[in-house]
Asks: 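First, the structure itself, so that you have it in front of you.
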There are 2 protein chains.
Amino acid sequence: MNLPKSEEQLMQILWQKEKAFMKDITEAYPEPKPKATTIATLLKRLLTKEAIGFTQFGNVRQYYPILKKEDYFSSHFNGMIKNFFDDSIPQFASFFTSNKNMTEEQLLELKRVVEEQIKARKK
Amino acid sequence: MNLPKSEEQLMQILWQKEKAFMKDITEAYPEPKPKATTIATLLKRLLTKEAIGFTQFGNVRQYYPILKKEDYFSSHFNGMIKNFFDDSIPQFASFFTSNKNMTEEQLLELKRVVEEQIKARKK
DNA sequence: TTTCTTATTCTACATTTGTAGAAGTAACAT
DNA sequence: ATGTTACTTCTACAAATGTAGAATAAGAAA
């Protein structure tokens, strides 16, 4: 499932809210907010793709994501690793950690996280 | 710079080859290869976007990437971290390392890479 | 040089994406 | 009851994307 930018942005809102009525979605958009019909169109397209669903409440719908954020992210991320690092995690890791934007503090934090994970696997 | 799939695929080829003539590009494509004119269109679009350039050799052109792979990847990656992990590297790291697809071996490898990087920073 | 092959440009066209107006409908406020 | 508001569906349309045919030009092969 590969969503265009505009739909992905809407998904981000739904992932964050888990459930949301039109009104909540509109509120969540940053300025300049798209027109209501634009949002409606996107919701409709996402419904067609079955990336989201809704529960009818009277005459209003409460939308919720069907596509999981983790899955969506993972598939993208894996795709990138594959294309950019020849499917090699270490190669990616190396690039990632030598990234100038990363502070030493973050590196230490990362190390901690990795160690923790290794420990968790052991048992 | 955000390239559509088809153009990105062509860029991958150019990044890999560094320089390439039409013929080399065609060869690099996996089956089913796109028609030559399709590739030509993509090259033209990439030239317009100044993502690539070329050197004229007689009547043939040798294309090369102008847009750097690292930069392209970084900007995408950062965008994803921002959208999916609220711009938090540790949050991403945590998700990344707890990924089921990752073997313990890879984790150890990652730890090694991180430590190496920390050491490198120190001096 | 005649023909074949290859690269390039132009043109074309269906799909997808981004955005939104028009209109209908039902709940809501007065 | 009745105009106002919120939501949804339909329709629309420009721009971007994916793909490629037609035509052309210029070496390469015969």
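Note: hydrogens, waters and symmetry copies are ignored here, and every other heavy atom, side chains too, is used. Residue numbers begin at 1 in each chain, while the letters A, B, ... track the order of the sequences.
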Asks: Counting distance only, does the side-chain N/O of B:Thr41 pair as donor-acceptor with the main-chain N or O of B:Thr37 below 3.5 Å?
Replies: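 Pair found, side chain donor or acceptor close to backbone of B:Thr37.
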Asks: What is the distance, to the nearest angstrom, from the CD atom on A:Glu7 to the P atom on C:dG18?
Replies: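 For the pair A:Glu7 CD and C:dG18 P, the rounded distance is 7 Å.
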Asks: Output yes when B:Arg112 and B:Glu115 qualify as a salt bridge under the 4.0 Å nitrogen-oxygen rule, no when they do not.
Replies: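 No, no charged N to carboxylate O under 4.0 Å.
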Asks: In whole angstrom, what separates A:Asn2's CG from D:dG18's P?
Replies: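 Taking CG of A:Asn2 and P of D:dG18, I get 11 Å after rounding.
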Asks: Taking only N/O atoms, report every protein-nucleotides 21-28 of chain C pair under 3.5 Å with atom names and distance.
Replies:
from: C:dG21; atom 1: N7; to: A:Thr37; atom 2: OG1; distance (Å): 3.3

Asks: Quick one: which of C:dT19, D:dG18, C:dA7 gets closest to the side chain of B:Lys23?
Replies: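 Looking only at heavy atoms from C-beta outward on B:Lys23, the closest nucleotide is C:dA7.
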Asks: Mind calculating the distance between CG (B:Leu43) and P (C:dT8) to the nearest angstrom?
Replies: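 Whole-Å distance recorded here is 8 Å.
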Asks: Determine, using ring centers only, whether A:Phe92 and B:Phe77 are less than 6.0 Å apart.
Replies: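 Yes, they do, as the ring centres are separated by less than 6.0 Å.
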Asks: Output the rounded distance in Å from CG (A:Leu3) to P (C:dT15).
Replies: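 So the two atoms are 21 Å apart, to the nearest Å.
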Asks: Give a yes/no answer on whether the side chain of B:Arg61 brings an N or O atom under 4.0 Å of OP1 or OP2 in C:dT8.
Replies: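 Checking C:dT8 against B:Arg61, a side-chain N or O does come within under 4.0 Å of OP1 or OP2.
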Asks: Please work out whether the ring planes of A:Tyr72 and A:Trp15 are parallel, tilted or perpendicular, with thresholds of 30° and 60°.
Replies: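 Because their plane-to-plane angle lies in the 30° to 60° range, the rings of A:Tyr72 and A:Trp15 count as tilted.
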Asks: Just the rounded figure in Å: distance from P of D:dA6 to CZ of A:Phe21.
Replies: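 So the CZ-P distance, A:Phe21 to D:dA6, works out to 15 Å.
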Asks: In whole angstroms, how far is the P atom of C:dA20 from the CG atom of A:Leu10?
Replies: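 These atoms are roughly 14 Å apart.
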Asks: Whether the side chain of B:Asp24 engages the backbone of B:Phe21 through a donor-acceptor N/O pair (distance < 3.5 Å, no angle test) should be reported.
Replies: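 Side chain of B:Asp24 to backbone of B:Phe21, a donor-acceptor pair under 3.5 Å: yes, one is there.
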Asks: Between the base of C:dT19 and the side chain of A:Arg45, is there a donor and acceptor pair under 3.5 angstrom?
Replies: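 For A:Arg45, whose side chain was compared with the base of C:dT19, there is a donor-acceptor pair (under 3.5 Å).
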Asks: Round to a whole Å and report the spacing from NZ of B:Lys44 to P of C:dT11.
Replies: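 Result: 10 Å.
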Asks: Is the distance between the ring centroids of B:Phe96 and B:Phe85 under 6.0 Å?
Replies: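 B:Phe96 vs B:Phe85: aromatic centres not under 6.0 Å.
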Asks: For A:Tyr29 and C:dT19, what is the distance between atoms OH and P respectively, to the nearest whole Å?
Replies: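 Taking OH of A:Tyr29 and P of C:dT19, I get 9 Å after rounding.
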Asks: So what does B:Tyr63 touch, heavy atoms closer than 4.0 Å: a base, only the sugar-phosphate, or nothing?
Replies: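 Result for B:Tyr63 = sugar-phosphate.
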Asks: Anything under 3.5 Å between a donor and an acceptor, one on a side chain of residues 48-68 of chain B, the other on a protein residue two or more places apart or in another chain? List them.
Replies:
from: B:Thr48; atom 1: OG1; to: B:Lys44; atom 2: O; distance (Å): 3.0
from: B:Lys49; atom 1: NZ; to: B:Glu7; atom 2: OE1; distance (Å): 2.6
from: B:Lys49; atom 1: NZ; to: B:Glu7; atom 2: OE2; distance (Å): 3.4

